[in-house]
Amino acid sequence: MISEAVIQALKKFVPEEDIRLGEPMAEHTTFRIGGPADCLVQIGSRQQLIQVQRYLRLVEMPFFILGNGSNLLVSDKGYQGIVLQIGQKMSNIEVQGDVIIAQAGASMARVARTAQEHGLTGLEFASGIPGTIGGGIVMNAGAYDGELSQVVTQVNVVNSEGEFMELENETMEFGYRTSTIRNNPFTVTEVILKLTRGDREQIKAKTEDLAARRREKQPLEYPSAGSTFKRPKGYFAGKLIMDAGMRGFRIGGAGVSEKHCGFVVNVGNATAEDVRSVITEVQERVKEKFNVDLEPEILFLGFDDRQGYRNR
């Protein structure tokens, strides 16, 4: 439980209407799963973020940075702490020539659409990724041979001391589904992208082609957190799972997608434990049959034995 003293302190930094107690996390994840967080605070500016983080660290209150919840599984018990959501209230996008400056809460789809509208190419791959640009930076989101590391020039963050920092691409330690943000207590506030001038119609055509391929191959009709597992070196997770005979495997309301075995989906009122049980069973079967370890790409929050990362 959050004490009244903490609640009153938070009201000094953010508007009272942006503080929600006992907020159901199922309303803030693309899995549509998750129990209540003790408190959810919608962050509206970098200054608010700095002030709230400094205070929460001072009183040693656990907190988690949330974007669109598109890569996150929250426990059925919820989260004992404060969720700081960087979303709609911090989602401004500015275009300066061939440079886009996007606040962390802007969706990747909206940033990609803005690029298209201004005749800028290089971000078409991101048009169908459901997360925020801040969350995408954390895991170096990518699809169809593109990833954010290819177009990011600078990432602005707030560090653990509540200090503002500017990180150049070379210092971001981008890798496959990782970055320095994932391994350090930094919170993304803005992202600067350098794109290339292109033909609007060609950009639109490429975006529509990728969207059609996504609809054809991915189970977009069910709630999920996207690709459930990272790609093992030398393999494709979906094919390993299919070859292990797991297509359509179900526990409760969660199951391996019939359309794409790399996705665990909420086929109907799944609990977080249903999803985690499916993930565990898939890992064990693939390990037994192929001696390959599948590492989850999604993050876990509120589980006693798993740690969620601070940005998503």
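We use all heavy atoms of the structure for the numbers below, so side chains are in, but hydrogens, waters and symmetry mates are not. These numbers were taken from a predicted model, which means no experiment stands behind them.
Without hydrogens or angle criteria, N269 side chain to G253 main chain gives no donor-acceptor distance under 3.5 Å. In this structure a side-chain-to-backbone donor-acceptor pair under 3.5 Å is present from N266 to F31. The backbone N or O of P130 lies less than 3.5 Å from a partner atom in the side chain of N68, making a donor-acceptor pair. With hydrogens and angles disregarded, no donor-acceptor distance shorter than 3.5 Å links the side chain of R46 to the backbone of T189. A donor-acceptor distance shorter than 3.5 angstrom exists from the side chain of D38 to the backbone of G81, with no hydrogens or angles considered. T29 places a side-chain N or O within 3.5 Å of a backbone atom of I33 that can act as its donor or acceptor partner. A donor-acceptor pair under 3.5 Å is formed between the side chain of H260 and the backbone N or O of G262. In terms of modelled atom types and a separation under 3.5 Å, the side chain of T30 and the main chain of S224 share a donor-acceptor contact. Distance alone, capped at 3.5 Å, places no donor-acceptor pair between the N92 side chain and the Q103 backbone. Without hydrogens or angle criteria, Q8 side chain to E4 main chain gives no donor-acceptor distance under 3.5 Å.
Geometrically, R285 engages F249 in a cation-pi contact defined by less than 6.0 Å to the ring centre and at most 45° from the axis.
At most 12 non-hydrogen atoms from other residues, nucleotides or ligands lie less than 6.0 angstrom from CD of Q88. Heavy atoms of other residues, nucleotides or ligands lying less than 6.0 angstrom from NZ of K206 number 12 at most. K11 NZ: more than 12 foreign heavy atoms inside a 6.0 Å radius. The number of heavy-atom neighbours closer than 6.0 Å to NZ of K259, taken from other residues, nucleotides and ligands shown, is above 12. Residue-environment remark: CD (E17) exceeds the threshold of 12 foreign heavy atoms within 6.0 Å.
Between I279 and S277 there is no side-chain heavy-atom pair separated by less than 4.5 Å. You'll find the side chain of F300 stays beyond 4.5 Å of the side chain of V275, heavy atoms only. Inter-residue side-chain proximity for P232 and F236 is flagged as unmet; no heavy-atom pair is nearer than 4.5 Å. At least one side-chain heavy atom of Q53 sits under 4.5 Å from a side-chain heavy atom of L84. The shortest distance between side-chain heavy atoms of V6 and I82 falls below 4.5 Å. Within the 4.5 Å cutoff, the side chain of E23 has no heavy atoms near those of the V83 side chain. Taking 4.5 Å as the limit, every side-chain heavy atom of K287 sits out of range of all side-chain heavy atoms of E284. For the pair L66/F64, a side-chain contact is recorded, criterion being any heavy-atom separation below 4.5 Å from C-beta on.
M242 belongs to no hydrophobic cluster with other residues, because no ILVMFWY side-chain heavy atom falls under 4.5 Å from its own, directly or through intermediates.
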Would V14 and I19 satisfy side chain to side chain contact (heavy atoms under 4.5 Å, CB included), going step by step from the backbone distance to the final call? CA-CA 8 Å; V14 300; I19 302 172; 3.6 Å; yes
Verdict with reasoning, L299 to L301, per side chain to side chain contact (heavy atoms under 4.5 Å, CB included): CA-CA 7 Å; L299 310 179; L301 181 66; over 6 Å; no
V151/L195 under side chain to side chain contact (heavy atoms under 4.5 Å, CB included): CA gap, chis, key distance, verdict: CA-CA 6 Å; V151 293; L195 302 175; 3.8 Å; yes
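For V267 against A254, the heavy-atom pair with the smallest separation is CG2-N, 4.2 Å. The minimum heavy-atom distance linking G22 with P36 is given by the pair O-CB, 3.7 Å. The two residues C261 and V256 come nearest to each other via the heavy atoms O-CG1, 3.5 Å. Nearest heavy-atom pair, F13 versus V52, reported as atom, atom and distance to 0.1 Å: CB-CG2, 3.8 Å. Residue A272 comes nearest to F303 through the heavy atom pair CB-CZ, 3.8 Å, listed as atom of the first residue, atom of the second, then distance. For the pair T207 and S127, the tightest heavy-atom approach, listed with the atom from each and the gap, is CG2-OG, 3.4 Å.
Distance CG/D18 to CD/Q42: 5.0 Å, rounded to 0.5 Å. Atom CG of L10 is separated from atom CD of Q48 by 11.0 Å, given to the nearest 0.5 angstrom. Here NZ of K289 is found 14.0 Å from CD1 of I241. Values are rounded to the nearest 0.5 Å. Residue L148 holds its CG atom at 7.0 Å from CG of L193, rounded to the nearest 0.5 Å. Between the CG atom of L120 and the CD1 atom of I203 there is a distance of 6.5 Å, given to the nearest 0.5 Å. The distance from atom NE2 of H28 to atom CD of Q85, rounded to the nearest 0.5 Å, is 5.5 Å.
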Sequence neighbours left out, cut at 3.5 Å: what donor-acceptor pairs do the side chains of residues 211-222 make with other protein atoms?
none

Listing, residues 159-180 side-chain donor-acceptor contacts under 3.5 Å, not counting sequence neighbours, or none:
residue, atom, partner, partner atom, Å
N159, OD1, E161, N, 2.9
N159, OD1, G162, N, 3.2
N159, OD1, E163, N, 2.9
N159, ND2, E163, OE1, 3.0
N169, ND2, S149, O, 3.0
N169, ND2, V152, O, 2.6
T171, OG1, E168, N, 3.3
T171, OG1, E168, O, 2.8
Y176, OH, R231, N, 2.8
R177, NH1, N140, O, 3.3
R177, NH2, G142, O, 3.2
S179, OG, I137, O, 3.2
S179, OG, V138, O, 2.8
S179, OG, I181, N, 3.2
T180, OG1, N184, ND2, 2.9

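Both Y55 and I7 belong to a common hydrophobic cluster when Ile, Leu, Val, Met, Phe, Trp and Tyr are linked at side-chain heavy-atom distances under 4.5 angstrom. There is a path of hydrophobic side-chain contacts, each under 4.5 Å, that joins V264 to L294. Grouping the Ile, Leu, Val, Met, Phe, Trp and Tyr side chains by contacts below 4.5 angstrom, directly or via other members, places I86 apart from I101. L210 and I129 are members of different hydrophobic clusters when ILVMFWY side chains are connected at heavy-atom separations under 4.5 Å. Note on V265 and L72: separate hydrophobic clusters, where clusters join Ile, Leu, Val, Met, Phe, Trp and Tyr whose side-chain heavy atoms are under 4.5 Å apart, directly or indirectly.
Evaluation of the side chain to side chain contact (heavy atoms under 4.5 Å, CB included) rule for P24 yields E27 as partners, not counting sequence neighbours.
Using a 4.0 Å cut-off between charged nitrogen and carboxylate oxygen, D98 and K194 count as a salt-bridge pair.
Side-chain atoms of Q96 and E94 form a donor-acceptor pair, as typed in the model, at a separation below 3.5 Å. Side-chain contact check for D274 and T271: at least one donor-acceptor pair (N or O, by modelled atom type) lies under 3.5 Å. Between the side chains of T228 and E297, no donor-acceptor pair is found at a separation under 3.5 Å.
Note on residues 120-145: no pairs pass salt bridge (charged side-chain N to carboxylate O under 4.0 Å, His left out), not counting sequence neighbours. Residues in residues 103-112 take part in no salt bridge (charged side-chain N to carboxylate O under 4.0 Å, His left out) pair, two or more places apart or across chains.
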